[in-house]
Amino acid sequence: MHGEYKVPGGKLVVVDLEVSEGKISEFALAGDFFLEPDEALIDINGAVVGLPDTADVPTIAGAIRRALPDGAQLLGFTPESVGTAVRRALVTASTWTDFAWEIIDDPAVSPLMNLALDEVLTERVGEGLRKPTLRIWEWDRSAVVIGSFQSYKNEVDPEGAKRHGFDVVRRISGGGAMLMGAEQIITYSLYVPASLVAGLTFADSYAFLDDWVLQALKAIGIEATYQGLNDIASPQGKIGGAAQKRLANGGILHHATLSYDIDGQVMAEVLRIGREKLSDKGTTSAAKRVDPIRTQTGMERRAILDAFMAEFQRFTGAERGSVTPEELAQAEELVRTKFSTDPWLHRVP
């Protein structure tokens, strides 16, 4: 059995193993990480042999830690990342290069259509009717996009939204509100099969699916890292965040919104950002928590998108594509029957 795990912001961990009578009988670790002393590799291999094939990541990591010699240095990986690679081998997880990928960078559509396309394309990937896909969002008007479980009245000031020309819409994934001002946001969606994140915890899958964008940000001069469950940040502040929705058919939607530019005053007037939400952030200003990409690079938004797509193509070998007429028709119907309706928008009052 073979498993791979690219540590977000770190190195590739590769494991090969055999199982006999419910236990790992042979094990070999490899990768582009750094390890001192050299002999610690033998200790890691020995620690995994004999573990049950049902061992979870903490169990595997604990066995490795106990086997490491005093003063051992692991650079670019951790015992937990070895455990993750083992679990991915045992459940026969896919890797990025196991798939033919597509990139969609179509003309702008409405915020409602973007939300409906997310649901349609995730379903089609889950059903095997579409390749795994990266889609760049472009929208023809400003919007506040609230999370699936957020309260409309607690998150949005309707009068402020109207005054500044923001539609208010609700997406199918959880997480927080996104203030999507014209030319101020970079948003993308990944539609992937569940096998790509097999063996990963729900939390680990976030950073795993966004590792390519961390590399893309690094290429344009931003040393970005993942923080917490779903925040992408640089040393200067938060850049953006991600959200997911997993469908019963095996399709996974993972999308992220990064701040290209920001108007703190508009944010304060459109979103109701309570003190409780900010109490653990060490600031009383939501705008101060965010450090937009534009201030760090000076690059135009389209140039950044081009750099992102180039990195994704390098990472996956993706080819350019487009939303099909059938997919557009399905999305239009979802806009009519779901996303534009009051029962959906106010499903949480």
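These figures come from a predicted structure and were not determined experimentally.
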field: Full working for salt bridge (Lys or Arg N to Asp or Glu O under 4.0 Å) between Glu311 and Arg314
entry: CA-CA 5 Å; Glu311 176 61 24; Arg314 186 198 65 76; 2.6 Å; yes
Give a yes or no on whether [X] and [Y] share a hydrophobic cluster (residues Ile, Leu, Val, Met, Phe, Trp, Tyr; joining criterion: side-chain heavy atoms under 4.5 Å apart).
{"X": "Val213", "Y": "Tyr191", "value": "no"}
{"X": "Tyr226", "Y": "Phe202", "value": "yes"}
{"X": "Val86", "Y": "Ile64", "value": "yes"}
{"X": "Val169", "Y": "Leu334", "value": "yes"}

Any donor-acceptor N/O pair, [X] side chain to [Y] backbone, under 3.5 Å:
{"X": "Trp101", "Y": "Leu134", "answer": "no"}
{"X": "Asn154", "Y": "Arg272", "answer": "no"}
{"X": "Arg301", "Y": "Ile185", "answer": "yes"}
{"X": "Arg347", "Y": "Ser148", "answer": "yes"}
{"X": "Ser151", "Y": "Pro349", "answer": "yes"}
{"X": "Thr122", "Y": "Gly251", "answer": "no"}
{"X": "Asp98", "Y": "Thr95", "answer": "yes"}
{"X": "Arg87", "Y": "Leu200", "answer": "no"}
{"X": "Arg170", "Y": "Trp344", "answer": "yes"}
{"X": "Gln150", "Y": "Ala177", "answer": "yes"}

Measuring only between side-chain heavy atoms, which start at C-beta, is [X] closer than 4.5 Å to [Y]?
{"X": "Val197", "Y": "Arg246", "value": "yes"}
{"X": "Pro158", "Y": "Tyr152", "value": "yes"}
{"X": "Phe99", "Y": "Leu196", "value": "yes"}
{"X": "Ser234", "Y": "Gln296", "value": "yes"}
{"X": "Asp306", "Y": "Arg302", "value": "yes"}
{"X": "Pro8", "Y": "Asp210", "value": "no"}
{"X": "Leu12", "Y": "Phe77", "value": "no"}
{"X": "Leu29", "Y": "Val82", "value": "yes"}

- prompt: Between Arg130 and Glu102, is there a side-chain N and carboxylate O pair less than 4.0 Å apart?
  reply: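 Yes.
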query: Regarding Ser173 and Arg171, is there a side-chain donor-to-acceptor distance under 3.5 Å anywhere?
result: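 Indeed, the side chains of Ser173 and Arg171 share at least one donor-acceptor pair under 3.5 Å.
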query: Strictly by modelled atom types, are Arg124 and Thr324 linked by a side-chain donor-acceptor pair under 3.5 Å?
result: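 Not at all, the side chains of Arg124 and Thr324 share no donor-acceptor pair under 3.5 Å.
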field: Passing option when Trp212 is tested against Tyr188, Phe315, Trp96 for ring-ring contact (aromatic ring centres under 6.0 Å, His included)
entry: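 For Trp212, the ring-ring contact (aromatic ring centres under 6.0 Å, His included) test succeeds with only one of Tyr188, Phe315, Trp96, which is Tyr188.
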How far does [atom1] of [X] sit from [atom2] of [Y], to the nearest 0.5 angstrom?
{"X": "Arg163", "Y": "Asp157", "atom1": "CZ", "atom2": "CG", "result": "6.5 Å"}
{"X": "Thr201", "Y": "Glu80", "atom1": "OG1", "atom2": "CD", "result": "11.0 Å"}
{"X": "Ile186", "Y": "Asp261", "atom1": "CD1", "atom2": "CG", "result": "10.5 Å"}
{"X": "Leu68", "Y": "Leu41", "atom1": "CG", "atom2": "CG", "result": "10.5 Å"}
{"X": "Lys11", "Y": "Ser81", "atom1": "NZ", "atom2": "OG", "result": "12.5 Å"}
{"X": "Asp105", "Y": "Arg320", "atom1": "CG", "atom2": "CZ", "result": "5.5 Å"}

message: Are there over 12 heavy-atom neighbours, none belonging to Glu333, within less than 6.0 Å of that residue's CD?
response: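 More than 12 heavy atoms, drawn from other residues, nucleotides or ligands, come within 6.0 Å of this atom.
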- prompt: Near Glu300 CD, under 6.0 Å, is it more than 12 heavy atoms from other residues, nucleotides or ligands?
  reply: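 Count not over threshold, so no.
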Verdict with reasoning, Leu305 to Glu138, per side chain to side chain contact (heavy atoms under 4.5 Å, CB included): CA-CA 11 Å; Leu305 287 171; Glu138 292 292 3; 3.5 Å; yes
- request: Please report the shortest heavy-atom distance between Leu90 and Val19, naming the atom on each side.
  value: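 So the minimum-distance heavy-atom pair works out to CD2-CG2, 3.8 Å.
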message: Quick check: closest heavy atoms across Leu190 and Leu209, and the distance to 0.1 Å?
response: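 So the minimum-distance heavy-atom pair works out to CD1-O, 3.4 Å.
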task: Pick out which of Asp118, Leu117, Val109 makes a side chain to side chain contact (heavy atoms under 4.5 Å, CB included) with Trp137.
output: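 Running side chain to side chain contact (heavy atoms under 4.5 Å, CB included) over Asp118, Leu117, Val109 with Trp137 returns exactly one hit, Asp118.
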query: Which of these, Ile136, Leu258, Ile103, sits in a side chain to side chain contact (heavy atoms under 4.5 Å, CB included) with Phe308?
result: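 Considering Ile136, Leu258, Ile103, a side chain to side chain contact (heavy atoms under 4.5 Å, CB included) with Phe308 is found only for Leu258.
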Asp106/Arg135 under salt bridge (Lys or Arg N to Asp or Glu O under 4.0 Å): CA gap, chis, key distance, verdict: CA-CA 8 Å; Asp106 284 350; Arg135 183 174 71 90; over 6 Å; no
message: Let's go through Glu119 and Lys338 carefully: what are the C-alpha distance in whole Å and the side-chain angles of both, what is the deciding distance for side chain to side chain contact (heavy atoms under 4.5 Å, CB included) to 0.1 Å, and is it a yes or a no?
response: CA-CA 11 Å; Glu119 183 167 333; Lys338 179 177 181 177; 2.8 Å; yes
query: Taking only residues two or more places apart in sequence or in another chain, which ones pass side chain to side chain contact (heavy atoms under 4.5 Å, CB included) with Ala224?
result: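 By the side chain to side chain contact (heavy atoms under 4.5 Å, CB included) rule, Ala224 matches Leu214, Leu217, Ile222, Ile232, Ile239.
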